[in-house]
Each structure stands twice: as C-alpha cells, then as structure tokens.
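We name chains A, B, ... by the order of the sequence lines, and we start the count at 1 in each one.
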Number of protein chains: 2
Amino acid sequence: MSRRGMATRTRTKTHRTERRTDALSRERIIAAAIELLDSGGENALTVRALAAHLATGSGAIYWHVADKGELLAAATDAVIARAMGGIVSGAKPREAIRAVARGVFDAIDVHPWVGAQLFREPWRPAMLEIIESVGGRLQALGVPQAAQFDSASALVHYILGVAGQNAANARSHVAGMDRSTFLASVAAQWEELDPAKYPFVRQMAPQLRDHDDRAQFLAGVDLILAGIKTVR
Amino acid sequence: MSRRGMATRTRTKTHRTERRTDALSRERIIAAAIELLDSGGENALTVRALAAHLATGSGAIYWHVADKGELLAAATDAVIARAMGGIVSGAKPREAIRAVARGVFDAIDVHPWVGAQLFREPWRPAMLEIIESVGGRLQALGVPQAAQFDSASALVHYILGVAGQNAANARSHVAGMDRSTFLASVAAQWEELDPAKYPFVRQMAPQLRDHDDRAQFLAGVDLILAGIKTVR
DNA sequence: GACATGAATGGAACGATGTTCCAATAGAAT
DNA sequence: ATTCTATTGGAACATCGTTCCATTCATGTC
C-alpha cells in the first residue's frame, strides 16, 4: 500500500487541493504513466522513466502509489471508463451492445497495453464497467434471466480474447513491422505448413493477410448475439 | 538464439544421442520448466531456480535455449500439443469442437500459466494447433466458405479469453485463497456496488458465487456454435 | 595411449528493474 | 518564529534475465 494510503486523509478546515502548481499527485502520476505506455509500449513504463518524466524520484512516486501493479490497473481503469463514458445509450439494445464492443476495441487499438492489463487482472473496475455495459443491454434485449449470466460471460470473454490478440499484435509492431507486413509474414508461414496436418489454417492464410480486425471483431459479436437470440 | 542453434547439427557417422545419462538437453530443460511452472506459478520460473533444479549453471541453459521467452513458448507448445493429441476425432463435428474446447480448458486448468502464455504470444504452434482443430471441424459442420474465417476467429478468441480469465484466477489462488473463497470475495464486492450504477453486476453476484467455470465455458461454446448455425 | 578439437558446462559478473529506506525539505498550524 | 507532519528525491538493496569466459568432457586422429 502507498504510504499516503495509510496516512489520514482528514484535513483541517482550510483544505486546499494543491499545495503548489508542480505538486505531485496520484492523478499526475497516472497521466504520465499513460503517456509513457502509449508512446513506448508496455515495457517503457519503468519507475525510473516515470520519475525522470515527472522530474522527481522513485520514493516520491511510491508515496502516492502502492506499486507498479496498482499504477497499471489505475491507468487501465481510467482509459476504459473514458471509453465507456462516450457510449451513447439511446440506441436499441443490440446496437448499444455493438457500440460498447466497438468502444472497447477502439480504446485498446489506441492503447494496446490496456488489452494486456485487462487480461492480467480481470475482476477490476475496468472489467466491471464492461460487464455492466454489456449485461445491462442484454436484459433490455429480453434475454431470459436464466441465460443472462452465461450470455454476458460469453460476450465479455470474447471481448477479452480479442483484447489480448490486439495487445500481442501491437507488441509485434513495436518490434519494427507495421500491421500489414506483420500479417503478411504470418500468412506466409501459414502457407508453408504441411497441408496434411494443417489444411484449414493453410486455406485461411489469404483471408488472414488482408482481413479487417475491427470488422472481424464485430462479426464475432454478431455471431454471439445471434446465438443468444436462439435461446431467447 | 541459443548458441547450440547456431552450431552445426551435423555429426560424424558415430552419432550417439546421449553423451552421458545426466546430460542436459532442450527436452530436459523444458520438462523442468514445466515442473517449476506447475508447482509455483508463473514467477517461479527463474533461470536461477531452473539451474538449481537441474544442478547446473545459467550458461549451460542458454546453450540449449535462446531466452526465457522461447522456453515459455516451447513449454506451452508441449502442453497444448499433448492436449490436442488426446482428442478422439471420431465423433460428430459439433461434439468434436466441444471436445477440443474442453481439452484446452482442462489443459489450462492444470497448467494455468499456459493461459497467460497463449495470450502473450498468439501466432505460435500452440495456437495453430487450436485453430486447426476448431476450424477443421467447422468445415465438417458445413459452415460455408465465406463464414469459416470469422466463425473460427470467434471461437478461438473466445477460448483465448477464457484462457486468460483462468490464468488470472489461478494467480489469485497462488496468493493463498482457494477458488470458492476467492469467488465469494469477488461476489461480495459485487453486492456492495452502487445499485444505480451497476444493477446488472449486482444481480449476477449470487450466480458468480457458485457457478461452474467449466460448464459456463462450454455454454459459451454452444452459444457461439448456435450463432454460427444461423448463418449456415 | 597421447593429443587436438569443438561441444558443453557452471558460475561470476553486468545492467536493468521494482521496491525500500531515510535524510532533507516544504507547507500549514500554533 | 517555531513546531510538526506531509512530501520529496535519490541512494541502496534484492532479484531478475542475460552475457562472458575459463574449464571440462567426449570424440576423432595419429
């Protein structure tokens, strides 16, 4: 736990949020962490780099934040909350669910490290936000009580799986390649597989080469929604 | 790359596979790594612990293996290949797909670190095995060409998502709690959420507390298969 | 059997990381 | 002005993955 977390939060009447303009704060630290993660990928976030970016020392950071894990979790929660907040909820439930899925996908597209973190620590505010956004609309869709839990679970786990895939792809991109050359190289590997052992994968190679991640992701959501409709 | 990988593999005529009974080998190293991972979780696999377990030094290990990443990937491939090999392929396609999914689930249940690794590095032999096993059966199911890629993608990403969830849960278990007390604590948190903001999650809390992971996983597979059937 | 050669070994050493510790400072309260 | 506490910055520690290298082992050659 951060030392600040243990200290009393109560202040005397003259409570001012900022002591000076350049004061360190949990919020500034999280914002700086997001900057580092966005620009340099997952292992660009080191305590030393963070301290340098904020012109301070590691000790000061650990006063506001318990450890690196909490920092990553907080950064992820912030990104997901922002993404979920932007969803317009007026539409029909089916469209709303697609909008939520699209929102998560796009957020992870911009911040790939979020995908890895969602995966590493589910059972966190960020995931709660997603479950609620999806599940609430399932109820509105008229999915019977008994099927709601499994249906929401299927959708959320699917979203989680795609999240992981995207994060992994982004790691490959950091290593130099851009998306299309990377996919082309994987497709090339697929095409050189033994036709006797991997007939299906070989057939999929050309489609892998020039498919649209986002469209395929949404196609999967539609597939699951179609499945859910059958038990309705 | 491991130094051994660079050295010539060719031997003179009298090629003996083993120089002495206690000789180190890539296979023995991978087996030892699996042991460490199974008994102590993901961060029990350190090069030092591995060296101690094998009664050797780190340098000897790096002669056979390029780096820790390759070691983890190889260990994962070994576990998944074993799991996929055990699938009886005689049954009807639908049952076969369920069997494959069940196989992956059970393998990750026994070796939770596999879930994390599958997630960290898709596009690897282990994932190929899964894609082929699932996709091949989709063709046998009669899914039209145009829908095969998206259908396989949906199933595999769903499996991947559950894999991640299981790995995350296992990490919590290493931290002391067993499954039921862990789920109970999460459910308790869910029940204390603001009913105005999280009505759905709150309602799901009791079902979370005593649901069966494996059954829910298979329910999700059935849901997706039902969705796939609608486009057939 | 002695020698030469290259494969294989084991452990010391390096650089980077997360975290802790603590002397020094800044701000608020009296 | 003084005291007290919150906060800071950076040195120090433990641990990790990896590299380096002197040494040992097994084998083919004479």
Distance check needed: [N] [atom2] versus [X] [atom1], whole Å only.
| X | N | atom1 | atom2 | value |
| --- | --- | --- | --- | --- |
| A/E42 | C/dA16 | CD | P | 20 Å |
| B/Y62 | D/dC21 | OH | C1' | 17 Å |
| A/L50 | D/dG10 | CG | P | 14 Å |
| B/I61 | D/dC21 | CD1 | P | 20 Å |
| A/D67 | C/dG18 | CG | C1' | 9 Å |
| A/L36 | C/dT17 | CG | C1' | 15 Å |
| B/L45 | D/dG17 | CG | P | 7 Å |
| B/K68 | D/dT19 | NZ | C1' | 17 Å |

Is [X] close enough to [N] that one of its side-chain N or O atoms is under 4.0 Å from OP1 or OP2 there?
| X | N | result |
| --- | --- | --- |
| A/W63 | D/dT7 | yes |
| A/R48 | C/dA16 | no |
| B/H64 | C/dT9 | yes |

Exercise for the section: Classify the nucleic acid contact of A/A55 as base, sugar-phosphate or nothing, counting any heavy atom under 4.0 Å across all strands shown. Expected result: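 Sugar-phosphate, no base atom in range.
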
Handout entry: No-hydrogen, no-angle side-chain donor-acceptor test under 3.5 Å, B/T181 and B/D178
Key =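 Yes - a donor-acceptor pair under 3.5 Å links their side chains.
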
Practice task
May I ask you to check whether B/F105 and B/F217 place their ring centers less than 6.0 Å from one another?
Solution key: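 Yes: the rings meet the under 6.0 Å criterion.
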
Exercise for the section: Keeping the roles fixed (side chain from A/E129, backbone from A/A81), state whether a donor-acceptor pair exists under 3.5 Å. Expected result: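 Checked: no pair found.
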
Problem - Heavy-atom side-chain contact between B/W190 and B/R202 under 4.5 Å - result: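 With C-beta onward as the side chain, the pair stays apart.
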
Handout entry: Out of C/dG18, D/dT18, D/dT8, whichever nucleotide has its closest atom nearest the side chain of B/S58
Key =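 Nearest listed nucleotide: D/dT18.
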
